[in-house]
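Have a look at the structure below before the remarks.
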Amino acid sequence: MTQFEANFDGLVGPTHNYAGLSYGNVASLKNASASSSPKQAAKQGLKKMKALADLGMVQGVLAPQERPDVYSLRRLGFTGSDAQVLQAAAKQAPAIFQACCSASSMWTANAATVSPSADTLDGKIHFTPANLTNKFHRSLEPQVTGNILRATFNNSDYFSHHQHLPDNEHFGDEGAANHTRLCGNYGETGLEIFVYGRHAFDTSKPAPKKFPARQTFEASQAVARLHGLQSENVVYIQQNPDLIDQGVFHNDVISVGNQNVLFYHEQAFSNSDAALQEIKQKFSGNNLHFICVKTSEVSVEDAIKTYLFNTQIITQANGDMVIIAPTNCQENPAVSNYLAKLVTQNTPIKEVKYFDVKQSMQNGGGPACLRLRVALNESELAAVNPHTLINDQQFELLNTWVDKHYRDELKVTDLSDPQLLIESRTALDELTQILDLGSVYPFQQI
Ligand SMILES: NCCC[C@H](NC(=O)CCC(=O)O)C(=O)O
């Protein structure tokens, strides 16, 4: 049976904005209060989705969340009509209000951890939404993320959906951004690599000193248990805490894997030698390639600025791999020289394709942050909600939908405009019809 690795990209929501919400994420802090363009952001994302579909990849889309999140504001004690809630919160507690308006669900690498059926005990594809406890604005996502995943992968014969882990920093879970999988063909049992930032229940272990380690070892282990993974097919690696302190807030900012390739910076991991040795021992496919980028070739600072490792490595039908990189990599001489050299070397990566995703990059999200990978076989693909898969027709519908509903420009001060809430809900209501999702949003359930 044919095997695929599908990418499900997050559609950027109508309130995409820069609020400086992510301490430890350099780009988010740097661009705080800059004005954004939700329309441009959504179109940049759709263009990348369409380009991958045109390359013959299976490309899906995950719906964004409802923002402003009036329900959370009500839980926090703001009352009255929706307009009154927005205006009181914006005035009395602007930081909390802005956190309740973020379009951060667009980064679907943080939506969930996914284990393909070849790896799991019961032979189903398992999904655990990430609880994202470390950032208040992101901790608002998991419930609706679960609704959207269930509506997208809506067949219990093939898909198993778990509840997100308990909402506490001890089990801080950032989803697939801290998880990668090495394998032979996508349908063969793979090696699932969980990269964590700290041990929550053993404070004697090393941890970053300045910025938070969002993912804990105990959360990674819990996900592996829930998904029914075998210990011989799992590796846990600690991220280098010094790099978290330099702004590498997720592992996918400093390493990425695809099939028999692990592409990483030499400083990415703690105890790197032991970790790589364990990977070698446990990997059951052929011709494992460790592509290690030295600090002398690309500094950690340049890696963070350009998101060299937040690239997507995809396998084309002929077996050659292509690296999908942000144009920020092209604009940096050290990084573009590195990539030009990489494709001439003896690795499966043969080509680089650049995409402008700057609206997302300005909040610290590159091409890889924008997608959730789901390895599927033909029967599993046939069980996916077909309206969530990108083809020419869905692309046109979504592009037109963005043109109709999204603003060209949004400032943080626009977020309390009651009209924006109405616009967003109108847009999302229509979107649930385009994607045939049913009622996934709170405003549709009352
Ligand atoms: N995987 C990329 C995630 C980027 C995301 N940025 C944000 O939420 C920034 C939002 C803001 O600052 O407006 C984060 O840090 O979790």
Side-chain angles (χ1 to χ4, degrees), residues 7-10 12-38 41 44-45 48 62 64-65 67-69 94-113 129-142 145 169 172-180 195 197 211-215 239 244 247-256 303-312 326 328 357-373 410-415:
N7 288 289
F8 280 79
D9 281 41
V12 179
T15 63
H16 165 65
N17 73 91
Y18 302 119
L21 301 173
S22 280
Y23 181 65
N25 168 344
V26 182
S28 151
L29 294 193
K30 190 173 146 220
N31 292 300
S33 300
S35 70
S36 62
S37 173
Q44 287 175 349
K48 173 165 94 72
L62 292 174
Q65 306 220 350
R67 295 289 181 274
D69 183 348
I96 296 169
F97 172 68
Q98 284 168 27
C100 291
C101 295
S102 179
S104 53
S105 64
M106 64 198 264
W107 298 294
T108 51
N110 307 117
T113 307
N131 60 19
L132 300 167
T133 51
N134 185 258
K135 299 282 177 266
F136 170 63
H137 70 291
R138 303 221 60 183
S139 72
L140 306 175
E141 297 173 30
T145 296
E169 282 267 30
D173 177 18
E174 299 282 317
N178 280 42
H179 172 261
T180 200
V195 184
F211 290 145
R214 300 195 197 183
Q215 177 87 29
Q239 207 183 331
I244 296 180
V248 181
F249 57 97
H250 285 142
N251 172 63
D252 69 1
V253 176
I254 208 70
S255 96
V256 57
I304 296 172
K305 245 192 244 158
T306 63
Y307 269 33
L308 169 61
F309 299 95
N310 201 265
T311 40
Q312 295 176 246
N328 306 59
V357 287
K358 286 210 168 98
Q359 284 286 328
S360 169
M361 287 288 286
Q362 282 169 208
N363 249 339
C369 291
L370 286 162
R371 63 96 170 90
L372 183 67
R373 291 186 281 185
L410 196 65
K411 296 193 195 69
V412 163
T413 46
D414 297 329
L415 293 168

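Atoms within a ligand are numbered from 1 in the order they appear, just like the ligands themselves. Residue indices begin at 1 and follow the sequence shown.
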(request) Indicate the atoms forming the closest heavy-atom contact of Gly366 with Ser360, along with that distance. (result) N-OG, 4.4 Å
(message) Does the residue Asp252 have a heavy-atom contact with ligand 1, meaning some pair of atoms that are separated by less than 4.0 Å?
(response) no
(request) Within a distance under 4.0 Å of any heavy atom of Ser28, pick out the atoms of ligand 1 and give their elements. (result) 9 (C), 11 (C), 12 (O)
(request) Could you establish whether Ala177 and ligand 1 come within less than 4.0 Å of each other, counting only heavy atoms on the residue side? (result) no
(message) Ring-plane angle category for Tyr307 and Phe249, please: parallel below 30°, perpendicular beyond 60°, tilted otherwise.
(response) tilted
(request) Give a yes/no on ligand 1: does Ala109 have at least one heavy atom closer than 4.0 angstrom to it? (result) no
(request) Compare every heavy atom of His137 with every heavy atom of Arg67, then report the nearest pair and how far apart it is. (result) NH2-O, 4.5 Å
(request) Give a yes-or-no answer on whether the side chains of Ser104 and Glu141 include a donor-acceptor pair shorter than 3.5 Å. (result) yes
(request) Among all protein heavy atoms, pick out the one at the shortest distance from atom 13 (O) of ligand 1; state its residue, atom name and that distance to 0.1 Å. (result) Ala19 N, 2.9 Å
(request) Would you mind listing which atoms of ligand 1 come within a distance below 4.0 Å of any non-hydrogen atom of His137? (result) 7 (C), 8 (O), 10 (C)
(request) Below 4.0 angstrom from a heavy atom of Asn17, which ligand 1 atoms are there? Numbered from 1 as shown, please. (result) 13 (O)
(message) I'd like to check which ligand 1 atoms, numbered from 1 as shown, lie under 4.0 Å from a non-hydrogen atom of Cys369.
(response) 1 (N), 2 (C)
(request) For atom 14 (C) of ligand 1, grab the closest protein heavy atom and report residue, atom and distance to one decimal in Å. (result) Ser22 OG, 3.4 Å
(request) Answer yes or no: is there a donor N or O on one side and an acceptor on the other, between the side chain of Asn110 and the main chain of Gly175, under 3.5 Å? (result) no
(request) Mind checking the CG-CG spacing from Leu372 to Leu62? Nearest 0.5 Å is all I need. (result) 6.0 Å
(message) How close do Thr306 and Asn328 get, counting heavy atoms only, and between which atoms?
(response) CG2-O, 3.7 Å
(request) Record the part of Arg214 in heavy-atom contact with ligand 1 below 4.0 Å; permitted values are side chain, backbone, both and neither. (result) side chain
(request) Answer with yes or no whether Glu174 contacts ligand 1, where contact means a heavy atom under 4.0 Å from a ligand atom. (result) no
(message) Is His250 close enough to touch ligand 1? Criterion: a residue heavy atom under 4.0 Å from a ligand atom.
(response) yes
(message) Under a 4.0 angstrom heavy-atom cut-off, which atoms of ligand 1 come close to Gly20?
(response) 11 (C), 12 (O), 13 (O)
(request) Around atom 9 (C) of ligand 1, find the nearest protein heavy atom and jot down its residue, atom name and distance. (result) Asn363 OD1, 3.4 Å
(message) Against Arg214, only a single residue in Thr133, Asn25, Asn251 fulfils side-chain contact (heavy atoms from CB on, under 4.5 Å); can you say which?
(response) Asn25
(request) Identify the heavy atoms of Pro326 and Val357 that sit nearest to each other, and give their distance. (result) CB-CG2, 4.2 Å
(message) Using a 4.0 Å cutoff against the non-hydrogen atoms of Gly364, which atoms of ligand 1 qualify?
(response) 2 (C), 4 (C)
(message) Can you name the atoms of ligand 1, numbered from 1 with element, that are less than 4.0 Å from a heavy atom of Asn110?
(response) 1 (N), 2 (C), 3 (C)
(message) How close do Glu174 and Ala130 get, counting heavy atoms only, and between which atoms?
(response) C-CB, 3.7 Å
(request) Mind checking whether Leu29 contacts ligand 1 via backbone (N, CA, C, O), side chain (CB onward), both or neither, at a 4.0 Å heavy-atom cut-off? (result) neither
(message) For Gln362, is there any backbone N or O sitting under 3.5 Å from a side-chain donor or acceptor partner on Asn31?
(response) yes
